[in-house]
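All values reported here derive from a predicted model rather than from experimental measurement. Residue numbering restarts at 1 for every chain, and letters A, B, ... go by the order of the sequence lines.
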Amino acid sequence: MTSGFGMPFMDELGVEVLSAGGGRAELRLAIRPAHRNAFGGAHGGLVAALIDIAVGAAAAIDPVEPGLRPNVTLALTTQFVQPAPGEGVLTARAAVRGGGAQVCFVDCEVTAADGAVIAVGTATLQYARG
Amino acid sequence: VPLTFPFPLKDRFNHLLGVQVNDWGPGHVTLELAVREEFENLAKLVHGGVIATLIDTACNFAGAWTEDSGERRIPVTLTLTTNFIAGARKGPLSCTARRTGGGKTTFMADAEVKDGDGRLVATGQAVLRFVGAPRSKR
């Protein structure tokens, strides 16, 4: 399966972009057995990776300027609000909260299939130069 | 020589990535991860999610050491902060973490990640907790 974005790590994990635009992005990930931690739930690293991808996607679709804006994450903080399930679908919703010409701030919430919030993340991103 | 992965086989995500434990002792650990093409982001650098996983896992190990392996428990991460200092391309990545403080139930750990050239590419901090641990006396 490919994400259509040409990003190898998204394809490796099986991350799909459901929608992106206006400084927002919604992504989905089907949890596989290989994604589990020692407790049998989705690994925190997987959840952090999903958040990192989601905040990057939200920042890449500029609310004002047309076209994709490549970016890198400078910092990411994730709060694991409750244990993630070991199966089903995780949904990440990210939104740009502010920033300037070079740096932006993006929030992200990850929910399980039953709608429960399992993690929240906040990231600082920098737009690639040129 | 890398140790075999000392955590239960149920921890599948670290197996998927190929994380290895090189050095593990009281309050510290060093993990190693070979870089693969599947880890790349659009800039052809190692994706931040890979690095965040490495930091998360290392912080877990740093606080989980016990002399008696039968007494070992696995903590869960409450909060994880990662600073991506430089792009990583060349492996293997090496992640060293140390427990910085805390108590019997909740603890803190710091981690740093270096690339195959020994260049610092990321730092991280985590707050972790042993779930189901006996409550400390108040």
Side-chain angles (χ1 to χ4, degrees), chain A residues 3 5-15 29 31-57 60 68-84 86 92 119-126 128-129, chain B residues 5-17 19 33 35-61 64 72-88 122-129 131-132:
Chain A
S3 61
F5 273 60
M7 189 193 286
F9 195 55
M10 282 178 75
D11 299 338
E12 167 77 2
L13 298 180
V15 177
L29 168 70
I31 301 166
R32 297 196 287 250
H35 293 154
R36 292 178 189 155
N37 62 20
F39 300 98
H43 198 284
L46 178 82
V47 175
L50 179 62
I51 292 174
D52 192 23
I53 294 166
V55 296
L68 281 173
R69 299 191 71 188
N71 57 69
V72 295
T73 310
L74 298 179
L76 169 67
T77 297
T78 304
Q79 293 178 309
F80 299 98
V81 178
Q82 61 170 287
V120 293
T122 179
T124 308
L125 293 94
Q126 179 173 285
R129 286 188 201 88
Chain B
F5 199 78
F7 273 8
L9 282 171
K10 278 176 75 179
D11 189 338
R12 298 277 302 274
F13 196 54
N14 277 298
H15 285 277
L16 176 72
L17 298 182
V19 175
L33 178 64
V35 170
R36 301 204 306 263
E37 272 183 18
E38 299 94 289
F39 296 166
E40 283 179 5
N41 61 20
L42 290 176
K44 296 198 175 296
L45 301 166
V46 178
H47 197 281
V50 175
I51 292 170
T53 302
L54 204 50
I55 291 172
D56 182 36
T57 302
C59 288
N60 270 255
F61 270 75
R72 262 171 222 162
R73 291 182 302 150
I74 304 170
V76 298
T77 311
L78 303 179
T79 305
L80 173 68
T81 298
T82 309
N83 292 318
F84 299 102
I85 290 168
T123 60
Q125 262 192 343
V127 182
L128 305 98
R129 183 177 172 87
V131 198

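For B:Val46, no part lies near chain A; criterion is any non-hydrogen pair under 4.5 Å.
The most heavy-atom pairs under 4.5 Å with chain B, out of A:Ile51, A:Val81, A:Val47, A:Leu76, come from A:Leu76. Of the listed residues (A:Ile53, A:Leu50, A:Thr122, A:Thr124), the greatest number of heavy-atom pairs within a distance under 4.5 Å of chain B belongs to A:Ile53. Chain B forms more heavy-atom pairs under 4.5 Å with one residue of A:Ala123, A:Ala34, A:Gly41, A:Ala49 than with any other, namely A:Ala34. Among the candidates B:Lys44, B:His47, B:Gln125, the residue making the largest number of heavy-atom pairs closer than 4.5 Å to chain A is B:His47.
Within the 4.5 Å cutoff, no side-chain heavy atoms of B:Phe84 are placed close to those of A:Val72. Side-chain contact between A:Pro8 and B:Glu37: absent, with no pair of heavy atoms (C-beta onward) separated by less than 4.5 Å.
Between B:Phe13 and A:Leu13, the shortest heavy-atom distance links the atoms CE1-CD2, 3.8 Å. Here the shortest heavy-atom pairing between B:Ile74 and A:Ala38 reads CD1-CB, 3.5 Å. Closest approach of B:Asn83 to A:Ala75, counting heavy atoms only: OD1-CB, 3.3 Å. When all heavy atoms of A:Thr77 and B:Thr81 are compared, the closest pair comes out as OG1-OG1, 3.1 Å. Taking every heavy atom of both residues into account, A:Phe80 and B:Leu80 meet most closely at CE1-CB, 3.9 Å.
One finds the OG1 atom of B:Thr79 at 5.0 Å from the CD atom of A:Gln79 (value rounded to the nearest 0.5 Å). For the atom pair CG (B:Leu17) and NE2 (A:His43), the distance works out to 8.5 Å, reported to the nearest 0.5 Å.
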ask   = Run the side chain to side chain contact (heavy atoms under 4.5 Å, CB included) check on A:His35 and B:Leu16 step by step: do they pass?
value = CA-CA 8 Å; A:His35 293 154; B:Leu16 176 72; 4.2 Å; yes
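Using bins of under 30°, 30° to 60° and over 60° for the plane-to-plane angle, the ring pair A:Phe9/B:Phe39 lands in the perpendicular bin.
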